[in-house]
Amino acid sequence: MKHEEKIHSCCSHGGDKKVEPSLAKPGQWTCPMDPEVISDVPVDCPKCGMALEVVGAFDSSEHEKAEIRLLTRKFTIGLILTLPVLFIAMGGMIPGLNLHALIPRHISKWIELALATPVVFWVGGSFFVKGWRSITARSMNMFTLIMLGVGAAWLFSTVAVLFPGIFPASFRTNGEVGLYFEAAAVITVLVLFGQILEARARSKTGRAIQSLLGLAAKTAHRVTDGTEEEVAIEDIRKGDILRVRPGEKIPIDGTVSEGSSNIDESMITGEPLPVSRGAGESVIGATVNQTGSFLMKAEKIGDDTLLAQIINMVSEAQRSRAPIQKLADTIASYFVPAVLGIAVMTFIVWAIWGPDPAMAYALVNAVAVLIIACPCALGLATPMSIMVGVGQAAEKGILIKNAEAIETAEKVDTLITDKTGTLTAGKPEVTDRIAAEGIVIEDLLAAAAALEKSSEHPLARAITNAAKEAGVKIPEAGDFQSTTGGGVSGTIRGETVRVGKKGFLENSGIAFPDDLLAAAEQLEADAKTTVWISIGNSAKGVLGISDPIKESSAAAIRELHRNGIRIIMATGDNIRTAEAVGKALGIDEVRAGLSPEDKIKLVRELKAEGAIVAMAGDGINDAPALAEAQVGIAMGTGTDVAIESAAITLVRGDLDGISNAMALSRKVMSNIRQNLFFAFAYNALGIPIAAGVLYPFTGTLLNPMIAGAAMSVSSLSVILNALRLRKTI
């Protein structure tokens, strides 16, 4: 009772004021079908009867395991008790077996009552609680039908055992009133089996969240006034100084304050190579420190960390409902009362015009209608597919914030994409190395790196990184001088070396070979930045530096084109650089020099033309357009603002994730439509047969037990079809 009071205190029905879904907090529980239902305890939804789902970055695995253990125990006991009941009821159909001689009827009926009663009221007790709750909440659902169907079968049979004399002779066959304990027991066990499958499916789809939670560090080493202490992650506060040793997980998001190290960030970026992090650079909680020891300042804690945001996004998406679910919900709200009406009409028609014993036929057929019409498959059709699809997407680095994005993504016909950080890597790299005749390019690269290694300029870092990747030995430089906006100079092995712009070298009287000048002109035509290197009085080489196109971008663009997607690049960069990237990738249209206002205006223009627009970006300047597009897609390597503004986040930041997300959308929506077909097909075909429309023509009637099996097969079909997404995505 405590749990019921708790849930009714935080959700209302009928004429009461409803609690808004946005009031749900991490650690609370809400219903995937009725998100306004919020509870502080993991109980069942009073409106639809489904198990509530946990909100936020909260590990519910233990609760789910306990639920599965309880359901499995009840199912096992129920099956053991039901088999003898089924044998007694159906044993007479076994050739050569005289069941009544083995177990006299006046004894067997008491055995059936004794065995079926705990199955109905203990094994299936929760169905009656859910069914009654649905009536009091004025929100009839599948458990309303289960309660009525199973309850009617058990009550009729119990009265027949305890008070057989009240039934007229027309109700008797060979002097005994027909019993339906086996129908009540078997239906209960079959429905419970469906509940177990559903619980296990929820557990499987929650693995992504559980694995993400497992990535987080449990403790950290806090440094206070030179004293180091081990503290729990929950005790860390913003501004704390933490020490991270080699091999440890970085405890929280923050910035390196002292020292440096190589860090494995593959759990966030998907890149196998470690990245170097030094003073002033940010580090992400749950990534792994590999080599050096460093101090860091905690900047984000709790739900503000990147890992917590990822977990919350997955959790929210798995609970959300696609717009297609609104259709299913509307149909279901009319379906249950209609079924009750059909059951009543079936009882009346058979009671008046049915053969003797008419009342028995009336009751059995009415119960069969109630059972086979149970819309549990309808209730599972959309949530199961959404949960499985979102869980599988998360494992592949596609984080979906809401289910509406899944439905809309399959309809997208226009993609607007940013350039820097989306199509390109977002950081300059040395892409071309050209040396004068007789000069070894590695020697030039080493000389340039010797002068640039102390600079924080992005181009300087690109040169030193290129030297490190080439494995060259960087010499020591003397007489270092830096000219703002021009370049740097110094002495290496007694010779003067200059690195910088062409004008910087020209001002020093440096001569330029014609072949290097021609090469540099071509680099600039390709929208690359040129950095000259001179030794002595002549230029010896030139480096081409650019923001390289991601390796995955070209293949992703081709795949999107194959799917009929129009692609527009919208960037704030200059037109020459933008067109060079657009030409290399075969992009349909290039818009350059755009401000954030220009980008959102572009989205609105395309929407006004009737296009279904997806926007992909990674920066703060992309956030307005991401929010305005029907589907906003953020690069996980981008800013928090962009991620918050988007419906889909690609953790790895590669464009091929967009085509994967659209393929995911098509598969999930196709799966939902298949599930809805399964749900309605079983009901549409089963209800008339259960009502007895075939009886006047073929003498066919639907036994309530067979009706229960058919209903469970409907749910099983939906669950198995949804789980099929785990192999196709």
Side-chain angles (χ1 to χ4, degrees), residues 322-323 389 393 396-424 549-571 578-592 594 598-619 622 624-636 638 642 645-671 673 728-729:
K396 297 183 181 299
I398 302 172
L399 306 179
I400 301 173
K401 186 179 294 185
N402 56 67
E404 185 174 356
I406 294 181
E407 180 170 348
T408 308
E410 72 163 350
K411 304 172 185 176
V412 167
D413 54 30
T414 303
L415 171 66
I416 302 174
T417 176
D418 181 39
K419 179 184 74 69
T420 305
T422 303
L423 296 173
T424 64
I549 296 172
K550 293 180 181 179
E551 294 181 1
S552 60
S553 293
I557 295 294
R558 288 194 297 269
E559 180 64 24
L560 290 167
H561 277 153
R562 277 196 291 269
N563 290 320
I565 307 297
R566 174 190 178 194
I567 303 173
I568 301 174
M569 181 201 295
T571 177
E579 287 185 343
V581 173
K583 181 179 179 180
L585 293 174
I587 289 175
D588 300 308
E589 185 177 344
V590 175
R591 302 281 189 97
L594 300 187
D598 294 330
K599 290 185 178 182
I600 194 172
K601 183 179 178 181
L602 174 61
V603 173
R604 289 171 177 167
E605 289 175 353
L606 292 169
K607 289 169 64 177
E609 295 171 1
I612 306 298
V613 182
M615 169 70 192
D618 73 328
D622 299 317
L626 288 170
E628 179 66 27
Q630 281 103 330
V631 180
I633 304 173
M635 303 295 114
S645 302
I648 298 175
T649 298
L650 308 179
V651 173
R652 297 181 182 177
D654 289 334
L655 201 65
D656 56 2
I658 297 178
S659 57
N660 291 337
M662 292 180 178
L664 164 75
S665 171
R666 290 190 292 271
K667 291 177 181 179
V668 170
M669 294 309 301
S670 175
N671 194 267
R673 295 185 184 102
T728 61
I729 294 178

Student: Applying salt bridge (Lys or Arg N to Asp or Glu O under 4.0 Å), name anything that partners Arg558, two or more places apart in sequence or on another chain.
Tutor: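 Expected list: none.
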Student: So which heavy atom on Thr424 is nearest to which on Lys550, and how close?
Tutor: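 Heavy-atom minimum between the residues: O-CE, 3.0 Å.
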Student: For Ser659, which residues count as a side chain to side chain donor-acceptor pair (under 3.5 Å) partner, sequence neighbours excluded?
Tutor: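 With neighbours one apart ignored, the set is empty.
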Student: Considering non-hydrogen atoms only, spot the tightest contact between Ile648 and Ala661 and give its length.
Tutor: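 Scanning both residues completely, I find the closest heavy atoms to be CD1-CB, 4.4 Å.
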Student: Between the side chain of Asp656 and the main-chain N/O of Ala556, is any donor-acceptor distance below 3.5 Å?
Tutor: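 Judged by distance alone, no pair lies under 3.5 Å.
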Student: Dump the intermediate steps for side-chain contact (heavy atoms from CB on, under 4.5 Å) on Leu602 and Arg591, then the final yes or no.
Tutor: CA-CA 9 Å; Leu602 174 61; Arg591 302 281 189 97; 3.3 Å; yes
Student: Return all side-chain donor-acceptor pairs below 3.5 angstrom for residues 410-417, not counting sequence neighbours, or 'none' if the list is empty.
Tutor:
residue, atom, partner, partner atom, Å
Glu410, OE2, Arg673, NH2, 2.8
Asp413, OD1, Ile612, N, 3.1

Student: If you count heavy atoms of other groups shown closer than 6.0 angstrom to CD of Glu551, is the number above 12?
Tutor: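 Count not over threshold, so no.
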Student: For the pair Lys599 and Glu628, find out whether any cationic side-chain nitrogen is under 4.0 Å from an anionic carboxylate oxygen.
Tutor: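 No, this pair does not count.
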Student: Run the salt bridge (Lys or Arg N to Asp or Glu O under 4.0 Å) test against Lys601 and tell me which residues pass, sequence neighbours left out.
Tutor: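 Counting only residues at least two positions away or on another chain, Lys601 forms no salt bridge (Lys or Arg N to Asp or Glu O under 4.0 Å).
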Student: Looking at every heavy atom in both Val603 and Ala625, which two are closest together, and how far apart are they?
Tutor: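 For Val603 and Ala625, the tightest heavy-atom pair comes out as CG2-CB, 4.0 Å.
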Student: Between Ser553 and Leu423 (side chain of the first, backbone of the second, donor and acceptor by atom type, cut-off under 3.5 Å), is there such a pair?
Tutor: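 At least one qualifying donor-acceptor pair exists.
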Student: Using the test salt bridge (Lys or Arg N to Asp or Glu O under 4.0 Å), find all partners of Lys583 that sit at least two apart in sequence or belong to another chain.
Tutor: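 Residues passing salt bridge (Lys or Arg N to Asp or Glu O under 4.0 Å) with Lys583: none at all.
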Student: Excluding sequence neighbours, so at least two apart, what forms salt bridge (Lys or Arg N to Asp or Glu O under 4.0 Å) with Glu579?
Tutor: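 With neighbours one apart ignored, the set is empty.
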